[in-house]
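Below is one structure; the comments refer to it alone.
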Amino acid sequence: MADDFDAEQKRYLEGFSHGIAAIRMTGGLAGGGTAPAPAAEPTGPDAIHIKAQDRTVKNGGKLADQEKWKRAESPFDGHNRLIAEAETGKAPKPEDNFRWRYHGLFWVAPAQNSYMCRLRIPNGILHHWQFAGIADLADAHGGGYSHVTTRANLQVREISPEHGQPFLDGLVDLGLTARGAGADNIRNVTGSPTAGIDAQELLDTRPLAKSWHNHILNDRSLFGLPRKFNVAFDGGGVLPVLEETNDIGFQAVEVMEGAAVEPGIWMRLVLGGITGHRDIARDTGVVLRPKECNAIADAILRVFIENGDRTNRSKARMKYVLDAWGYDKYLAAVEEKLGRKLERVDPSHVKPRGGFDRYAHVGVHKQVQPGLNWIGVVLPVGKMTTDQMRALAEISRECGDGQIRLTVWQNFLFSGVPDDKVAEVESRVAALGLSTKASSIRAGLVACTGNRGCKFAAADTKGHALLIADHVEAAVPGLDVPVNVHLTGCHHSCAQHYIGDIGLIGAKVTVSEEGDTVEGYDIVVGGGFGEAARIGTEIWKAVKAEDCPGRVEALLTDYLANRTGPQESFQAYTARRGPEALKGLADARLLEAAE
């Protein structure tokens, strides 16, 4: 029958068929005219996402570009094409940069004309041979160094396009993966760094983190969320995992007699943490048995998948669904998914959590196992060379239990170190140019990648962090308590500046009438975590980077002079002094300098 049409008619029919396909791709006709026959009901692992996109378009919404890219070609289905194009050495198109992130590779130009790879390391724990193996991969395919991230993870940089897939293949050989480590997916699963070795802990988070990690990797419907998602498990030990900064936080708690559930160790559910958007996860009142974590997290995610914003990337996190609905409505939708009610316990029936040791990620600490210790190693804003990594792996193998435990403080712990090996570990670490001891300012120093390796950052956060530490050590030698200083380069707040005692977020500072700018920061104070969880208050805007060490010095000097005593934390001091008094410190300092 096709032979009955002339060439022009054939071209028309071909165009018409392409038009129908486009209509189906976008969920229906945009304007008037006759609607096409209803498309078949979506099936398969991506169906839940396709239906959510269709509802968005049907309700008059315009899908964000990333949603269109996911719809046009799945990052998993297009993987072989991505590999073939990367082998030519060309930079990826924006949509393919997004797709590569599903596999853990981030194209970071113009900061660096290369990929960065972020791994998946559940609970942040690696075997020594894996740690050394990553160093070998960084030499063979990257820049010869790695960074510890604020999700107890590793990232390797300067990976050229043609080396991207070989690097990922090398991870598989090490029993590791980067699958889903970027884009609109559930990021690295964090857990208590001292899990299983901490005398205070209520529960070992390692099995929970690993189980959830495997649950994610083996369910494709949990990829392609409206936006990225973070989950953390806290076991109640002395070293925090900052679960209150996550979309979902599971906290081990001890429920006492008289509650609506039997007494014992339960997991408390907190939701909605996203410090870059000035929010900390809130207690929902829900408690669950540890074995239920996967099922409940899965149900929470599916409610988010179906109802998250697919049009506005800046409003696409779960927090905004919670803001719009309220927690009761959201939890009711979760219960509908589960087909049962969630257990709830009044806070008065929950035993208070044990305290935190803000120095527990640095130095020597006794394990619950007699005669053994964990030792925290200080890394200058998280960076290690590959030679250091291999040497550290050897120390772990020869002097410890063979594990490297990464922390959210951008450093790591050796574990299982016998008493008679502690001095040897300290000596060997020092020989590498690193340390197991830190000043009050360096122990809590956190910085994101900054503009040397990230196109979003407005300042060299890692470089400026070290300058601040050097200055404070010289100018405020009397600082006798830990103070956390967090530097982040942009609004994504990868270094979680809002929960630092002092937080700095990169900003361009105008220095001339012609609009010339230099690197600088907005500065907040009074943030906190754990039992003192709080979003910091901004006191200074657009401070030139060169002036930031002096501003931090002014804050700390005033703290030491006006605190009620060492028992008053910096956070408590800033709350008592108030933002207006703290803002005046800058003017006072300028007057002193002028004199």
Side-chain angles (χ1 to χ4, degrees), residues 147-152 187 190 228 230 232 240-246 273-281 314 317 319 358 381-382 407-411 441-454 456-469 472 482-509 519-530 532-545 547-549 551-556 559 569-571 574-575 579 582-583 586:
H147 289 132
V148 180
T149 78
T150 54
R151 289 204 66 76
R187 301 302 178 85
T190 55
K228 71 175 183 178
N230 292 325
V241 72
L242 304 184
E243 74 283 354
E244 66 272 10
T245 68
N246 288 251
I274 172 173
T275 59
H277 294 231
R278 303 177 68 92
D279 219 342
I280 288 174
S314 66
R317 296 290 295 272
K319 160 192 159 56
R358 295 182 69 172
V381 289
T407 84
V408 296
W409 304 105
Q410 295 187 306
N411 73 331
I441 194 70
R442 290 189 193 272
L445 191 64
V446 176
C448 71
T449 299
N451 61 11
R452 293 189 187 182
C454 176
F456 298 112
D460 176 14
T461 52
K462 288 189 182 295
H464 295 146
L466 294 175
L467 290 174
I468 288 171
V472 169
V483 174
N484 290 350
V485 178
H486 294 226
L487 291 85
T488 201
C490 74
H491 66 281
H492 291 117
S493 193
C494 293
Q496 300 177 333
H497 70 290
Y498 277 121
I499 64 166
D501 287 310
I502 303 172
L504 299 89
I505 178 170
K508 291 299 183 184
V509 181
E519 294 180 17
Y521 296 87
D522 299 335
I523 300 178
V524 304
V525 297
F529 54 88
R534 182 170 175 265
I535 295 294
T537 301
E538 184 179 279
I539 60 169
W540 295 314
K541 284 192 73 69
V543 178
K544 290 188 290 186
D547 295 333
C548 287
R551 298 291 181 102
V552 175
E553 175 197 345
L555 286 167
L556 297 176
Y559 164 61
S569 69
F570 183 85
Q571 184 192 52
T574 56
L582 296 172
K583 287 177 183 176

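Note that the numbering runs from 1 along the sequence shown for the chain.
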Is the closest side-chain heavy-atom distance between [X] and [Y] below 4.5 Å?
X: Leu487; Y: Val381; result: no
X: Ile505; Y: His492; result: no
X: Gln496; Y: Val446; result: no
X: Leu556; Y: Phe570; result: yes
X: Thr461; Y: Tyr521; result: yes
X: Asn246; Y: Glu244; result: no
X: Thr574; Y: Leu582; result: yes
X: Asn451; Y: Glu519; result: yes

Atom of [X], atom of [Y] and distance for their closest heavy-atom approach:
X: Cys448; Y: Cys494; result: CB-CB, 4.1 Å
X: Thr275; Y: Ser493; result: OG1-OG, 4.4 Å
X: Thr537; Y: Pro579; result: CG2-CB, 4.2 Å
X: Ala458; Y: Ala507; result: CB-N, 3.8 Å
X: Arg442; Y: Ala469; result: NH1-CB, 3.4 Å

When you measure from the side chain of [X] to the backbone of [Y], do you find a donor-acceptor pair of N or O atoms at a distance under 3.5 Å?
X: Asp501; Y: Gly526; answer: no
X: Thr190; Y: Arg151; answer: no
X: Trp540; Y: Lys583; answer: yes

Inset, instruction - Let me know which of Arg534, Glu538, Arg278, His486 forms a side-chain hydrogen bond (donor to acceptor under 3.5 Å, both in side chains) with Tyr498. - result: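 Answer after filtering Arg534, Glu538, Arg278, His486: Arg278.
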Inset, instruction - Please report the C-alpha distance between His497 and Leu504 in whole Å, then the side-chain angles of each, then the deciding distance to 0.1 Å, and finally whether the side chain to side chain contact (heavy atoms under 4.5 Å, CB included) criterion is met. - result: CA-CA 6 Å; His497 70 290; Leu504 299 89; 6.0 Å; no
Legend entry - Straight-line distance of Asp522 CG to Thr488 OG1, nearest 0.5 Å: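 One gets 12.0 Å once the value is rounded to the nearest 0.5 Å.
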Inset, instruction - Carefully, step by step, assess Lys228 and Arg317 under the rule side chain to side chain contact (heavy atoms under 4.5 Å, CB included). - result: CA-CA 7 Å; Lys228 71 175 183 178; Arg317 296 290 295 272; 3.3 Å; yes
Inset, instruction - Report the C-alpha distance between Arg358 and Phe529 in whole Å, list the side-chain angles of each, state the deciding distance to 0.1 Å, and finish with yes or no for side chain to side chain contact (heavy atoms under 4.5 Å, CB included). - result: CA-CA 11 Å; Arg358 295 182 69 172; Phe529 54 88; 4.1 Å; yes
Legend entry - Set of residues satisfying side-chain contact (heavy atoms from CB on, under 4.5 Å) with respect to Asp279, sequence neighbours excluded: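 Partners of Asp279 under the side-chain contact (heavy atoms from CB on, under 4.5 Å) test: Ile274, Arg282, Lys319, Asp323.
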Legend entry - Among Ile539, Ile523, Ile468, Asn484, side chain to side chain contact (heavy atoms under 4.5 Å, CB included) partner for Ile502: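 Exactly one option meets the side chain to side chain contact (heavy atoms under 4.5 Å, CB included) with Ile502, and it is Ile523.
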